[in-house]
Number of protein chains: 2
Amino acid sequence: MVSETSLPEILRARGLRLTAQRQLVLEAVHELGHATPEQLHAAVREVAAGVNITTIYRTLELLEDLGLVTHTHLSHGSPTYHPVSEDQHAHMVCRQCGAVSEVEPELLAPLAEELRRQRGFEVDIGHLALFGTCGECG
Amino acid sequence: MVSETSLPEILRARGLRLTAQRQLVLEAVHELGHATPEQLHAAVREVAAGVNITTIYRTLELLEDLGLVTHTHLSHGSPTYHPVSEDQHAHMVCRQCGAVSEVEPELLAPLAEELRRQRGFEVDIGHLALFGTCGECG
DNA sequence: CTAGGTGCAAATAGTTTGCAACTAC
DNA sequence: GTAGTTGCAAACTATTTGCACCTAG
C-alpha cells in the first residue's frame with residue numbers, strides 16, 4: 001500500500017522537492033476521503049493560511065501523476081479526489097438527495113471481468129460513478 | 001418511445017411554445033447521438049446561424065426536464081447529451097486515447113439488479129460512464 | 001547556488017443570469 | 001395582446017497560465 005509516508009522518497013526519486021504544501025495537500029486528501037479542490041484548499045488553509053488554490057490544483061495533478069491520489073466526477077461541478085491507497089471502490093450518487101455512498105468492488109468485479117474479456121477494456125473501478133435514485137428517495 | 005414527433009404536444013401540454021430553436025436543438029441531439037452543448041451549438045448554427053449558446057443551454061435543460069434528453073459526464077469538461085429514446089446504454093471512455101464506446105445494457109443488468117436488491121438503489125444506466133484503458137491503448 | 005516550487009494576477013473555458021426586444025399562440 | 005422565449009452582455013465558477021520571487025537540496 002502506498003501511503004503518505006512514501007511521499008518524500010517518491011518525490012526524491014523523481015528529483016522533485018518535498019514541500020510543506022505537498023505534504024499538507026496529501027494529508028488533507030487522506031483526512032477528507034473524498035473532496036473537491038475547493039474543500040481541500042479550505043482544509044489546508046486551516047493549517048497554513050497562505051496556501052493558494054493554484055497550488056492545490058498543481059499539487060493534486062502532481063500527486064495523481066505520482067499515483068498517490070485519483071479523482072472521480074461525482075455529479076456536476078468539481079471532481080473529488082481521494083487516496084489511491086484506499087480500497088478501490090465505486091461511488092453511487094443519488095440524484096434526488098445528493099447522497100454519495102460507496103459500492104464494494106466485489107459487485108463490480110464481474111462487469112470488469114466481462115469487459116476485459118469481451119473488449120479488452122481495463123475498467124478503472126475507482127473512477128466509476130453510478131447515478132440514480134437511492135432507497136430513501138425512490 | 002418518446003420521439004421528436006411528440007415535442008409539439010409535450011410543449012403544448014405544459015403551456016410552453018414550440019420554437020424553431022427547440023426543434024433544432026432536439027434534432028441536433030438526435031443527429032449527433034452524444035454531444036456537448038458546444039457541439040450542439042455548432043450543429044444548430046449550420047442551420048440557423050443566429051442561435052445563441054445561451055439558448056442551447058436553456059433548451060437542453062428544458063428538454064431534459066421534459067424527459068426527451070439526458071446527459072452524462074464523460075471525462076472532464078462539458079457533459080454530453082443524448083436522446084432518452086435511444087436504448088439505455090452506458091459509456092466506456094479510454095483515458096489514453098479518449099475513445100468513447102457504448103456498453104450494452106445487458107452487461108450492466110446484473111449489477112443494477114444487485115444494487116436494487118441489496119441497497120434499494122435504482123441505477124440510471126444511461127448516466128453511467130466507465131473510465132479505463134481500451135484494448136488498443138492497454 | 002540553482003532548478004524546482006509558490007503566490008499572485010490575469011487569462012480562459014464553461015455556464016448562468018438580468019433585461020429589453022421579439023414572437024407564438 | 002401577452003406570457004413565454006430569445007439574444008446579448010455581463011456575471012460567475014472552476015481551472016490554467018505567465019512570471020517574478022522564493023526555497024529545498
Report each atom pair, protein N/O against N/O of nucleotides 20-25 of chain C, whose distance is under 3.5 angstrom.
from, atom 1, to, atom 2, distance (Å)
C:dT23, O2, B:R17, NH1, 3.3
C:dA24, O3', B:L18, O, 3.4
C:dA24, N3, B:R17, NH1, 3.1
C:dC25, OP1, B:L18, N, 3.3

Determine all donor-acceptor pairs shorter than 3.5 Å in which one atom belongs to a side chain in residues 130-138 of chain B; sequence neighbours excluded.
none

Without placing hydrogens or testing angles, list every side-chain donor-acceptor pair under 3.5 Å for residues 46-55 of chain A, not counting sequence neighbours.
from, atom 1, to, atom 2, distance (Å)
A:N52, OD1, A:T54, N, 2.9
A:N52, OD1, A:T54, OG1, 2.8

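Rounded to an integer number of Å, the gap from B:H73 NE2 to D:dA14 P is 14 Å. Atom-to-atom, CG of A:L7 to P of C:dG5 comes out at 11 Å; the value is rounded to the nearest Å. Nucleotide D:dT5 holds its P atom 12 Å from the CG atom of B:D65, rounded to whole Å. Here D:dA14 presents its P atom at 16 Å from NE2 of A:H71, a figure rounded to the nearest Å. Going from atom CG of B:L62 over to atom P of C:dT16 covers 14 Å, rounded to whole Å. Between B:E64 atom CD and C:dT15 atom P there is a gap of 12 Å when expressed in whole angstrom units.
Taken residue by residue, residues 36-44 of chain B places no heavy atom nearer than 4.0 Å to DNA chain D. Contacts with DNA chain C (heavy atom under 4.0 Å) in residues 46-60 of chain B: B:T54, B:Y57, B:R58, listed by number.
In this structure the side chain of B:L60 reaches within 4.5 angstrom of the side chain of B:V29, judged on heavy atoms. Between A:L62 and A:R22, some side-chain heavy-atom pair lies under the 4.5 Å cut-off.
Take A:E104 and apply the side chain to side chain contact (heavy atoms under 4.5 Å, CB included) test, not counting sequence neighbours, and it matches A:E106, A:L107, B:Q118, B:R119. Not a single side chain to side chain donor-acceptor pair (under 3.5 Å) links A:R17 to another residue, sequence neighbours left out. Residues forming a side chain to side chain donor-acceptor pair (under 3.5 Å) with B:T70 (at least two apart in sequence, or on another chain): none. Not a single side chain to side chain donor-acceptor pair (under 3.5 Å) links A:R12 to another residue, sequence neighbours left out. For A:E113, the salt bridge (charged side-chain N to carboxylate O under 4.0 Å, His left out) test picks out A:R116, with sequence neighbours left out.
Identified under the salt bridge (Lys or Arg N to Asp or Glu O under 4.0 Å) test for residues 58-70 of chain B, with sequence neighbours left out: B:R14-B:D65. The ring-ring contact (aromatic ring centres under 6.0 Å, His included) analysis of residues 91-121 of chain A, with sequence neighbours excluded, yields the pairs A:H34-A:H91, A:H82-A:H91, A:H89-A:H91.
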